[in-house]
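Got a structure for you, questions after.
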Amino acid sequence: MSVPTRSRTTAGGNAHPAPPAVTDTLHDTIVEIVREVIDARSADIPPDVALTAIGVTSLQLGQICARLGDRLGRPVPLSQMFTSRTVRSLAAWLARTEAGTPSPQSPAEPDTATTALTGMPAFMFMKHVFKPDDLSLHCVRSWRIEGRPDRRALRAAVAHLHERHPHLSAVYKFKQVPYAEPSGLPAPRLVEFLVDTEDQAHELLAAELARPFRLVQGDVWRAVFVALRSAPVTLFGFAVHHVAFDGGSAGLMAGDFARAYNAARRDEPLELPPAPTLSQVAAARTGPLPYVDLPGQLDYWAKALAGIHMLTFPGGAESPKGAPSRMLDRPLPDGTVAGVRRLASAHQVSPFSVYLSAYAQAMAELTGDHDFGVGTVVNRRSNSTLGDTVGCVINIVCLRPRPDPSSPPADAIDSTARAVTEAFAAQDVSAPEVVELHRNPAAGDRNALWQTMFLLQDNNPGELPLDGLPTRFFRPHYPGVASEVYAEVWPAADGSARLVVAYHPDRVSGEFCSRLADAFATRVAGYLRGLP
């Protein structure tokens, strides 16, 4: 697809006219923004070294896109950061695709019209329509609070979130196409319980967060409060349907909740800039597309995933069809996060590529299959509007690492990194479109493209700074997961990390997932052996 007619070239950069010279100002702007995002104001940013090679994460690449777009007054697609991987290459692409006069953003105003859903939100809504009790698209966050929160302030904070973020208060419907529209419905009631023990509190919180939603009725999210009689301890959590939430929403939602709670407790007004409306978010999603080579990306996916294998997990299932998901949660050895960062830097790749390489080799070792898909989530908050959105701003990308368990770490990491870069450069094609390209009628509801998923959860899980109340984030039991085997690495601010493996017991056994967790940890430890 070409850029707007006022531009002199195509998004892919295959233009006939000679590109304009890259000015020092443009180059310096990129370097300045990279330094801001990685919080290293005086860092050396080599012009011809990939940004990921100097430690820039995928999440930070999105932040760079957003700040560049704001500074230059034009969209910068996140996918381009994986094509133009260096400062020099990105500056050259920006010069070739100069956008002319930008269209100013309209101020945030209340939506009154319907907004069509596209991409992953549309897919998620239609999955809900056909399986309204399915829990694979439940997103949950929870905290342990030491003390007795002010329940009036908690209720006020719930109401604030509902009124402030339009995806939480919308109704989701279908008429020719899936759409969302403002509902005007009141906030969900804060669900409150009092129990005797902390074990009871955890069990009750998980059960309440796992109740199905009804999107067509405006039942999109809920907040749950469980207090202990015997001690000043409270568990608090919220669940949101994935159509209105993603990992990038967690920090925004928790931060807004804490600010609203603290303001209500002090009886002070809360003044925040308006959150993006439904229509503004929809426009922000499509803004970068004129700068993207969608036909080329479609062609990539048609070729890159042809003939991909359906995994067979040794040992088979451990439960009958329909059993709820189960989950393993294990600590990774001390030093893993820092070691992976050093190893990634040495190979000039992202930490995600290192973790994924170990996961793919472990899976290949246990299954005997060397050509399977691994799904991962890409955060597509590549402009400031989407950066401020509580909503679903992701895509699922299928990676095909083709692991060889016998490959030495250096070869495995480099091969995996190439597969990641190629796939992330084609991330503008939505996952549902990719599935259509490779639909296998014989597979039923099984999806070879992401039978297994692997995520590096390096986004903010959501701090909850409530006045006078120490809080600690924890992962409750996942009500459901989107793949048969779903693995995550959760790095923490203190340098520790945990590995979560959730699974569908009617497709795979806990014994296999335990072996997979062990094999992954062993691979990572082997990668790090010998590091200085």
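This one's a predicted model, so the numbers in the text were calculated from it and none came from an experiment.
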With a 4.5 Å heavy-atom cut-off, do Val37 and Arg67 have their side chains touching?
->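 Of all side-chain heavy-atom pairs linking Arg67 with Val37, at least one is under 4.5 Å.
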Report yes or no: do His347 and Asp414 form a side-chain donor-acceptor pair below 3.5 Å?
-> yes
Closest contact, heavy atoms only, Pro491 versus Ala497 | CA-CB, 4.0 Å
Gap between atom CG of Asn383 and atom CG of Leu78 - 0.5 Å precision =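 Output value for this atom pair is 10.5 Å.
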Where is the tightest heavy-atom contact between Arg285 and Leu289, given as atom of each residue plus distance?
->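 Answer, listing the atom of Arg285 first, then Leu289: O-CG, 4.4 Å.
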With a 4.5 Å heavy-atom cut-off, do Pro405 and His370 have their side chains touching?
-> yes
Crowding at CZ, Arg475 (>12 non-hydrogen neighbours, <6.0 Å) =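 Check passes, neighbour count above 12.
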Test item: Val292 and Ser79 side chains (from C-beta on) under 4.5 Å apart, heavy atoms = yes
Donor-acceptor pair, Asp246 side chain versus Val393 backbone, under 3.5 Å?
-> yes
Smallest separation among heavy atoms of Ala425 and Thr83, with atom names = CB-OG1, 3.5 Å
Using the ring of each side chain (for Trp, its six-membered ring), is Phe454 parallel, tilted or perpendicular to Phe352, with breaks at 30° and 60°?
-> tilted
Checking Ser415 side chain against Asp411 main chain: does a donor-acceptor pair fall under 3.5 Å?
-> no
Grab the two heavy atoms, one from Met120 and one from Ile396, that are nearest each other, plus how far apart they are.
-> CE-CD1, 3.7 Å
Looking only at atom types and distance, does a side-chain atom of Glu488 sit under 3.5 Å from a main-chain N or O of Val501, one as donor and one as acceptor?
->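 Checking the backbone N and O of Val501 against the side chain of Glu488, no donor-acceptor pair under 3.5 Å is found.
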Do His138 and His242 come close enough that some side-chain heavy atom pair is under 4.5 Å?
->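 Sidechains of His242 and His138: no contact.
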Quick one: does Met253's side chain get under 4.5 Å of Val240's, heavy atoms only?
->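 SC-SC contact between Met253 and Val240 confirmed.
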Atom pair NE2/CG of His165 and Asp388 - distance to nearest 0.5 Å =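 His165 atom NE2 to Asp388 atom CG measures 9.0 Å (nearest 0.5 Å).
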Expected output: side-chain Thr421 to main-chain Ala417 donor-acceptor under 3.5 Å =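 Confirmed, Thr421 side chain pairs with Ala417 backbone.
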Any donor-acceptor N/O pair, Ser353 side chain to Val349 backbone, under 3.5 Å = no
Lys127 and Ser136 side chains, donor-acceptor separation under 3.5 Å | yes
So, the side chain of Asn395 versus the backbone of Gln427: is there a donor-acceptor pair under 3.5 Å, distance only?
->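 Judged by distance alone, yes, a pair lies under 3.5 Å.
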Which heavy atom in Val435 sits nearest to a heavy atom in Leu449, and how many Å separate them?
->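 Residues Val435 and Leu449, closest heavy atoms: CA-CD1, 4.1 Å.
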Are Phe520 and Val489 close enough that some pair of their side-chain heavy atoms sits under 4.5 Å apart?
->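 Of all side-chain heavy-atom pairs linking Val489 with Phe520, at least one is under 4.5 Å.
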Once the angle between the rings of Phe125 and Tyr172 is folded into 0 to 90°, is it parallel (under 30°), tilted (30 to 60°) or perpendicular (over 60°)?
->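 Rings of Phe125 and Tyr172: tilted, as their planes differ by 30° to 60°.
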Any side-chain donor near an acceptor of the partner, Tyr527 and Ser357, under 3.5 Å | yes
Does the side chain to side chain contact (heavy atoms under 4.5 Å, CB included) test come out yes or no for Thr86 and Leu51, once each step is laid out?
-> CA-CA 6 Å; Thr86 68; Leu51 292 176; over 6 Å; no
Report the distance from atom CD of Gln280 to atom OG1 of Thr389, rounding to the nearest 0.5 Å.
-> 8.5 Å
Hey, are Arg41 and Glu32 close enough for a salt bridge, meaning a charged N less than 4.0 Å from a carboxylate O?
-> no
Parallel, tilted or perpendicular for Phe512 and Phe313, by the 30°/60° rule?
->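 The arrangement is tilted - the two ring planes meet at 30° to 60°.
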Trp450/Tyr486 under side chain to side chain contact (heavy atoms under 4.5 Å, CB included): CA gap, chis, key distance, verdict | CA-CA 9 Å; Trp450 53 82; Tyr486 179 92; over 6 Å; no
Check the pair Thr367, Asp369 against side chain to side chain donor-acceptor pair (under 3.5 Å), reporting the backbone distance first and the verdict last.
-> CA-CA 5 Å; Thr367 63; Asp369 195 324; 5.7 Å; no
Tell me, with the steps shown, if Gln80 and Trp93 meet side chain to side chain contact (heavy atoms under 4.5 Å, CB included).
-> CA-CA 9 Å; Gln80 191 62 38; Trp93 180 83; 3.3 Å; yes
Which pair of heavy atoms, one from Ser325 and one from Gly480, lies closest together, and at what distance?
->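 Closest pair (atom of Ser325, atom of Gly480, distance): OG-CA, 3.5 Å.
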Verify side chain to side chain contact (heavy atoms under 4.5 Å, CB included) between Arg85 and Val49, making sure each step is shown before the conclusion.
-> CA-CA 8 Å; Arg85 302 176 61 209; Val49 174; over 6 Å; no
Which value, rounded to the nearest 0.5 Å, describes the distance between Arg71 atom CZ and Ile33 atom CD1?
-> 4.5 Å
With a 4.5 Å heavy-atom cut-off, do Tyr359 and Leu499 have their side chains touching?
-> no
Check ion pair Asp299-Lys303 (N to O, under 4.0 angstrom) |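 Answer for the salt bridge query: yes.
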Check whether any side-chain N or O of Arg381 sits under 3.5 Å from a backbone N or O of Leu386 as a donor-acceptor pair, and report yes or no.
-> yes
Whether Arg400 side chain and Ala304 backbone form a donor-acceptor pair below 3.5 Å =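 Yes, because the side chain of Arg400 sits within donor-acceptor range (under 3.5 Å) of the backbone of Ala304.
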Below 4.5 Å, heavy atoms only, C-beta onward: do Ile413 and Leu343 meet side chain to side chain?
-> yes
Cation-aromatic face contact Arg402/Phe372, 6.0 Å, 45 degrees =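 Negative - Arg402 is either too far from the ring of Phe372 or too far off its axis.
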Rounded distance [0.5 Å steps], CZ in Arg35 versus CG in Asp28 =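 CG of Asp28 is found 8.5 Å from CZ of Arg35.
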Say whether, by atom type as modelled, one donor and one acceptor occur between the side chain of His241 and the main chain of Val243 under 3.5 angstrom.
->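 Confirmed, His241 side chain pairs with Val243 backbone.
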Partner of Val76 by side chain to side chain contact (heavy atoms under 4.5 Å, CB included), out of Cys65, Ser382, Ser84 | Cys65
Look up atom NE2 in His309 and atom CD in Gln451, then write down how far apart they are to the nearest 0.5 Å.
-> 11.5 Å
Please check if the side chain of Trp301 supplies one atom and the backbone of Ala426 the other of a donor-acceptor pair under 3.5 Å.
->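 At least one qualifying donor-acceptor pair exists.
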